[in-house]
Amino acid sequence: MNYFQLFGIEASFDVDIQQLSSSYQTLQKSVHPDKFVHASEQDQRIAVQKSAHINDAYQTLKNPLLRAEYILIERGIDMPNEQHTFGDTSFLMHQMELREMLEDVKSSGDVDAALLEVQNVLSSEYLQLSQMMRAQIIENTAASNSAACDNLRKLKFYQKLNIEVDRLEDSLFDD
Amino acid sequence: MALLQIAEPGQSTVPHEHRLAAGIDLGTTNSLIASVQSGDPRTLADEQGRDILPSVVSYQADNKVVGYAAQAFSIDDASNTITSAKRLIGRSLADIKSKYPSLPYQFCGDENHPEIMTRQGAVNPVQVAAEILKSLNHRAEATLGGELTGVVITVPAHFDDAQRQSTKDAAKIAGINVLRLLNEPTAAAVAYGLDSGQEGVIAVYDLGGGTFDISILRLNKGVFEVLSTGGDSALGGDDFDVVLVDYIIAQAGLVRPLSPSLERQLMQKACFAKEQLTDHEYADITITLDNDQPWQQRISKAQFNELITGLVNKTLRACRRSLKDASISVDEVIEVVMVGGSTRVPLVRSEVEKHFNKKPLTSIDPDKVVAIGAAIQADILAGNKPDSDMLLLDVLPLSLGLETMGGLVEKVIARNTTIPVAKAQEFTTFKDGQTAMAVHVLQGERELVDDCRSLARFELRGIPAMTAGAAHIRVTFKVDADGLLSVSAMEKSSGVESSIEVKPSFGLDDSQISQMIKDSMSNAADDMQARMLKEQQVEAVRVIESVKAALVADSRLLNSEEILAIESTIKSLSDVSQGDDIKAIEQALKAISDSTDIFAERRMDSSISQALAGQAVDKI
């Protein structure tokens with residue numbers, strides 16, 4: 001049973017989050033370890049397994065990048081791992097520029113404004129890429145799936161940058 | 001064979017009996033126990049009518065004293081009277097010394113397992129917690145008139161694995177069955193949420209004596225889904241006292257080190273002044289110095305606020321971070337719940353109100369709300385409310401990871417992941433012919449091993465010799481519903497499952513715990529034996545009951561051969577559990593578990609598909 005079947009929802013990139021979340025809660029009400037406190041150790045163990053599986057499936061479908069990756073893997077697309085070299089040099093150059101921009105925030109005159117600008121740039125580029133990826137996944141041809149795969153990898157770069165932004169924001173607050 | 005009894009569909013085969021259960025708030029400064037009686041959750045008072053049990057244990061010459069009685073010794077016998085043991089639980093000596101440099105105790109034991117030297121010998125902080133639990137358990141049994149089926153014990157949401165494990169160990173030493181460890185803010189949300197029946201996002205701001213938690217939850221049809229949690233395991237109302245003590249020391253021209261009794265006196269006076277300033281603009285501080293000279297000074301609310309502003313701001317930063325982690329904006333929060341005695345401090349209330357832009361809820365006594373929520377959950381887990389729709393979905397508070405080359409931490413499970421959770425990560429060998437691998441498990445958000453919390457180390461041996469990078473070692477992390485971690489590792493190509501001996505970096509290992517249980521009983525060996533036998537017999541009855549009920553409900557999932565096999569293991573277990581051979585009962589339990597493994601899994605799967613089928617019908 002794949003994750004979409006598990007939650008009884010249509011296998012598509014556009015997920016009805018409301019419906020997903022309601023199915024999730026219903027499923028957890030039937031398998032959560034809290035419902036098996038007086039059951040045998042065996043039932044308790046299986047309940048933990050099932051409940052963990054449902055949690056994992058829910059997190060995967062809820063998060064757009066994880067969902068995209070899941071769909072592409074289900075379609076048999078060979079997902080290169082993260083250490084695999086990335087061919088698109090102009091993209092990598094741009095990533096380095098973005099990192100430099102982020103580095104410069106600390107030393108800029110108006111830190112808040114500089115940080116906000118970085119965040120705006122990142123989120124607009126992220127949005128653009130993710131819309132492209134969505135269309136490619138929906139198209140579902142060999143070429144579009146492979147292109148979606150590339151865009152997914154690019155989006156993961158942005159995700160990492162966003163973590164850096166959070167770190168920077170935290171360090172600024174800590175002063 | 002005997003005829004199977006068949007119950008009404010949807011009803012238990014066991015006649016309804018009310019099981020006694022309680023919720024325990026094991027606090028840094030104060031502890032409470034509560035229970036649901038005739039549908040009403042209430043805290044249980046001692047014989048003098050006091051709900052609160054100060055979390056203090058005093059080791060006197062021939063007995064241990066707990067609570068108010070122990071508090072009386074805290075100034076004159078400071079080194080034998082342990083307060084705020086919760087702050088010491090699951091921590092290293094270096095940790096304790098840097099955070100609390102002026103504790104009046106004499107520490108012994110090793111660096112990672114510090115103990116306190118008392119006139120009754122070395123005492124582990126876990127044992128101190130066990131004494132408090134025992135005292136509360138005793139109170140509950142006396143009030144409720146019977147033995148408790150089990151308790152729910154609350155812990156700060158951001159407690160790490162070692163601290164959670166230590167809390168559970170304390171219950172084990174006290175001989176108490178733990179139904180669940182529950183996060184304090186989640187417990188508070190339950191206490192408020194069930195009354196109001198509201199739906200939407202709420203924030204729980206929990207500032208206790210020694211810890212601070214912030215949790216963001218979504219409430220929907222009885223489900224409490226924690227979206228994110230954060231906080232500080234070493235920030236609480238006691239820290240307000242600490243800055244005030246430092247201020248007094250500076251004002252009075254005193255120089256540390258001070259005598260243990262003067263330190264205690266200063267803490268008590270500071271705490272008293274803090275409480276005074278809740279309702280008054282000024283507080284007068286009077287101290288008797290070691291030379292019996294009095295010293296006195298007046299402090300204003302404004303001065304006090306200035307001293308604690310930094311600490312309060314620190315809590316607000318954590319609030320901001322948790323909202324961000326939950327992807328929730330401040331406007332989406334419909335209620336803010338205040339928990340913990342330290343939320344009485346006026347500056348805390350006003351700053352929280354400003355931050356969330358709404359008046360925080362304080363209608364339930366902030367000292368009692370956690371225990372009350374825990375009692376509600378305990379009542380449900382004990383099985384007293386079979387129709388309850390309530391379900392708590394909590395999260396892992398701090399990321400879990402493994403040490404990789406170069407002293408870096410590779411995250412395996414991110415914080416704020418809903419529990420239970422299981423995740424696997426693959427690693428490979430670094431050198432040709434490497435046959436063993438050291439696995440170091442860590443918890444925390446930072447990238448460097450040294451900045452994270454070491455949870456455990458173990459060695460994976462017997463990896464077949466291969467070239468570097470050829471072996472695939474799969475390390476699986478499992479976090480259960482109590483938030484407790486277990487780790488297993490396996491080499492994939494050979495299937496070698498390592499004989500893992502996890503050595504907890506902090507806290508106690510199993511042999512120490514059983515030693516402590518023995519120590520706490522008078523006729524150690526016999527009692528231990530009797531207790532184990534009783535536990536096994538209870539488990540046998542429970543298993544037989546549940547397998548029989550399962551057969552009645554779902555025998556359609558089995559063929560006749562499988563049914564016969566299961567029935568025969570039931571019979572052997574039932575026969576052997578009448579006797580007193582612990583080993584034999586253990587084996588029979590194992591046999592029944594093996595014979596029903598597939599059945600149990602099929603049942604769970606069938607209930608999963610039925611759950612959604614039911615929903616689909618509801619929608620039509």
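Values reported hereafter were calculated over all heavy atoms of this structure, with side chains retained and with hydrogens, waters and symmetry mates removed. Every chain is numbered from 1, with letters handed out A, B, ... down the list of sequences.
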Hey, what do you get for CG (B/D325) to CG (A/D166), rounding to the nearest 0.5 Å? 7.5 Å

With a 4.0 Å cut-off, would you call A/R45 and B/D597 a salt bridge? yes

Quick one: closest heavy-atom pair of B/A600 and A/D43, and the distance? CB-OD1, 3.5 Å

Please indicate whether B/E535 has more than 12 foreign heavy atoms, meaning atoms of other residues, nucleotides or ligands, lying under 6.0 Å from its CD. yes

Identify the residues of residues 49-66 of chain A whose heavy atoms come closer than 4.5 Å to a heavy atom of chain B, ordered by number, or report 'none'. A/K50, A/S51, A/A52, A/I54, A/N55, A/D56, A/Y58, A/Q59, A/K62

Tell me, side chain or backbone of B/L589 under 4.5 Å from chain A's heavy atoms, or both, or neither? neither

Could you look at B/E445 and say if it's the side chain, the backbone, both or neither that has a heavy atom under 4.5 Å from chain A? backbone

Tell me, side chain or backbone of B/K324 under 4.5 Å from chain A's heavy atoms, or both, or neither? side chain

Looking at B/I592, B/D480, B/L393, which one has more heavy-atom pairs under 4.5 Å with chain A than the rest? B/L393

List the atom of A/Q42, the atom of B/S593, and the distance in Å for their closest heavy-atom pair. NE2-O, 2.7 Å

Shortest non-hydrogen contact between A/F7 and B/L612, atoms and distance: C-CD1, 3.4 Å

Over 12 foreign heavy atoms within 6.0 Å of CD, A/Q128: no

Quick check for you: to the nearest 0.5 Å, what is the distance between A/K29 atom NZ and B/S607 atom OG? 14.5 Å

Hey, what do you get for CD (A/Q25) to CG (B/N220), rounding to the nearest 0.5 Å? 4.5 Å

Taking the side chain as C-beta and beyond, is there a heavy-atom pair between A/Q28 and B/T418 under 4.5 Å? no

As a quick check of understanding, evaluate salt bridge (charged side-chain N to carboxylate O under 4.0 Å, His left out) for B/R321 and A/E169, giving each step before the final call. CA-CA 10 Å; B/R321 164 37 47 107; A/E169 205 172 5; 5.3 Å; no

Looking at B/K478, I want to see if its NZ is surrounded by more than 12 non-hydrogen atoms of other residues, nucleotides or ligands under 6.0 Å. no

Any chance CD of B/E426 has more than 12 other-residue heavy atoms, nucleotides or ligands included, within less than 6.0 Å? yes

Output all residues satisfying ring pair (Phe, Tyr, Trp, His ring centres under 6.0 Å) with A/Y70, sequence neighbours left out; order by chain, then residue number. A/Y3

Select, from B/L179, B/D389, B/T417, the one with the greatest count of heavy-atom pairs under 4.5 Å involving chain A. B/D389

Chain A heavy atoms under 4.5 Å from B/L381: which part of the residue, side chain, backbone, both or neither? both

Distance-minimising heavy-atom pair for A/H38 and B/G383: NE2-N, 4.2 Å

Less than 4.5 Å to any heavy atom of chain A: does that hold for the side chain of B/S388, its backbone, both, or neither? backbone

Just give me the residue among B/G150, B/A382, B/A422 that pairs up with chain A most often, heavy atom to heavy atom, under 4.5 Å. B/A382

Does any part of the side chain of B/K221, heavy atoms only, come nearer than 4.5 Å to the side chain of A/S22, both counted from C-beta? no

Please flag which part of B/K314 lies under 4.5 Å from any non-hydrogen atom of chain A: side chain, backbone, both or neither. neither

Can you tell which part of B/A481 gets under 4.5 Å to a heavy atom of chain A, answering side chain, backbone, both or neither? side chain

Specify the closest pair of heavy atoms between B/M604 and A/I46, including all atoms of both residues, with the distance to one decimal. CE-CG2, 3.7 Å

